[in-house]
There are 2 protein chains.
Amino acid sequence: MPTTPQTTIHHDHDTCVSGALTRAEALCASRGTKLTPIRRQVLELVWSGHRPRGAYAILDDMKVDGKRVAPLTVYRALDFLVENGLVHRLESLNAYIGCPSPDHAHPGQFLVCRDCGDAIELNDQRVSAAIADSARARGFQIDRPTVEVRGLCPVCQNRPHPSHSPADTERPEARQPVTRQKAES
Amino acid sequence: MPTTPQTTIHHDHDTCVSGALTRAEALCASRGTKLTPIRRQVLELVWSGHRPRGAYAILDDMKVDGKRVAPLTVYRALDFLVENGLVHRLESLNAYIGCPSPDHAHPGQFLVCRDCGDAIELNDQRVSAAIADSARARGFQIDRPTVEVRGLCPVCQNRPHPSHSPADTERPEARQPVTRQKAES
DNA sequence: CGCGGTGTTGTTATATGATTACATATCCCC
DNA sequence: GGGGATATGTAATCATATAACAACACCGCG
């Protein structure tokens with residue numbers, strides 16, 4: 001019985017997260033922007049769980065020595081991370097997820113699983129091109145295309161009954177940020 | 001100086017709304033679902049303004065004989081309307097807009113203007129096909145694709161300075177449901 | 001008719017998401 | 001070391017959405 005908590009293959013999550021942090025630091029250094037301790041911590045928490053997380057879920061983990069930081073602190077850090085392409089915002093979930101390739105421009109296309117809540121990032125040129133064409137034909141000037149496809153990921157298709165979130169077993173705080181979906185168990 | 005409040009050409013809005021309501025009634029009748037007075041009123045309010053509206057903007061108009069209905073009342077009606085394809089939810093705006101062709105399946109592709117807040121519905125087969133291919137290649141089973149392209153509509157491109165929402169002049173309650181954007185006036 | 005099921009609405013409270021306004025601190029350049 | 005830009009702290013508030021439970025209304029059926 002597979003209890004694979006991730007949609008992708010098993011991986012060394014610690015390495016995965018630390019790699020993202022290292023890349024982020026290098027990128028910020030090269031751009032002259034500052035990855036402050038707060039921003040770094042928020043980035044780490046976005047990556048923890050390896051799936052979309054809501055701002056308040058991150059906030060809950062930000063309690064440092066019993067002191068809960070203000071929502072604004074988290075939002076400001078998230079704004080910075082999004083602007084620098086280190087994190088994507090998932091509009092349909094009101095949640096945030098770490099970007100695996102922050103070094104180049106990324107249109108932001110996602111396959112969002114309605115069961116496990118994971119989001120697989122795409123980078124499909126055909127989709128981008130088709131959207132660009134369609135917009136151009138209507139004289140619409142694109143800022144930022146958003147593609148978020150809701151459905152069922154391969155792993156969850158093979159799970160007999162969705163229940164809730166299997167990844168909760170991995171990290172207790174990694175609860176579903178997905179509020180839009182209706183439980184259909 | 002063009003003060004055209006709509007992105008599309010001028011139209012008889014009353015006819016447009018009443019047509020949508022008539023179509024909705026016919027559709028519900030044929031499906032055996034009930035378009036109750038509340039749902040009908042919410043649908044009408046979604047259509048009023050002919051642009052995306054937030055749930056609470058609709059709620060504000062639902063004050064009947066001085067009595068303000070509860071948010072849940074509106075949300076339940078919106079859920080019904082969305083499930084029946086009469087209304088689309090715009091994830092990136094947390095807003096709702098009437099669907100002009102509710103009788104057939106619709107992927108929900110929109111060009112969302114960051115200035116006037118209007119949303120132009122697309123139905124681009126190439127976009128749908130590219131998304132479907134990409135998802136299939138990853139074994140992802142699609143429920144509902146969401147494409148919301150943020151940018152500047154043709155009308156607003158020709159407006160010297162965005163300011164805020166020109167359509168406010170038409171209906172005082174049609175204020176911007178757009179909270180995501182940063183004013184850049 | 002009266003029973004019971006399904007579906008709709010009402011009521012209250014609360015969770016979650018995001019921003020405004022203002023004060024304070026910190027870093028870096030000159 | 002002054003001064004501007006950037007970053008953080010604090011408090012309040014707005015906006016979006018759901019939970020839990022009660023009541024009612026409609027409908028088919030015995």
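Quantities reported herein were computed from a predicted structural model and do not represent experimental measurements. Order of the sequence lines fixes the chain letters, A, B, ..., with proteins taken first and strands second; residue numbering starts at 1 for each chain.
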Short N-O contact, [X] and [Y], less than 4.0 angstrom:
X        : Y        : answer
A/Arg23  : A/Asp103 : no
A/Arg53  : A/Asp60  : no
B/Arg144 : B/Glu91  : yes

Round to the nearest Å and state the distance from [X] atom [atom1] to [N] atom [atom2].
X       : N      : atom1 : atom2 : result
A/Leu78 : C/dT19 : CG    : P     : 11 Å
A/Met62 : C/dT16 : CE    : C1'   : 17 Å
A/Tyr96 : C/dT16 : OH    : P     : 15 Å
B/Tyr56 : D/dT13 : OH    : P     : 18 Å
B/Arg68 : C/dT12 : CZ    : P     : 14 Å
A/Arg53 : C/dA18 : CZ    : C1'   : 18 Å
A/Arg40 : D/dT8  : CZ    : C1'   : 19 Å
B/Leu90 : D/dT16 : CG    : P     : 13 Å

5' precedence on DNA chain D between A/Arg76 and A/Pro71 (nearest-nucleotide basis): A/Arg76
Between B/Glu148 and A/Thr146, a side-chain donor and acceptor under 3.5 Å: no
Closest to side chain of B/Leu72, choosing from C/dA18, C/dT11, D/dA17: C/dT11
C/dG10 phosphate, OP1 or OP2, under 4.0 Å from B/Thr73 side-chain N/O: yes
Presence of A/Asn94 side-chain N/O under 4.0 Å of D/dT16 phosphate oxygens OP1/OP2: no
Touch class at under 4.0 angstrom, heavy-atom based, for B/Ile38 against every strand present: sugar-phosphate
Give every pair of a protein N or O atom and an N or O atom of nucleotides 4-8 of chain C that lie under 3.5 Å apart, one pair per line with the distance.
residue, atom, partner, partner atom, Å
C/dT8, OP1, B/Arg39, NH1, 3.2
C/dT8, OP1, B/Arg39, NH2, 3.3
C/dT8, O5', B/Arg39, NH2, 3.2

Side chain to side chain contact (heavy atoms under 4.5 Å, CB included), paired with A/Ile120, selected from A/Leu111, A/Val149, A/Ile97, A/Val112: A/Leu111
Any side-chain heavy-atom pair of A/Glu25 and A/Arg40 under 4.5 Å: yes
Aromatic ring of A/Tyr75 stacked on base six-ring of C/dT19, 5.5 Å, 30°: no
Set of side chain to side chain contact (heavy atoms under 4.5 Å, CB included) partners for A/Arg76, sequence neighbours left out: A/Leu72
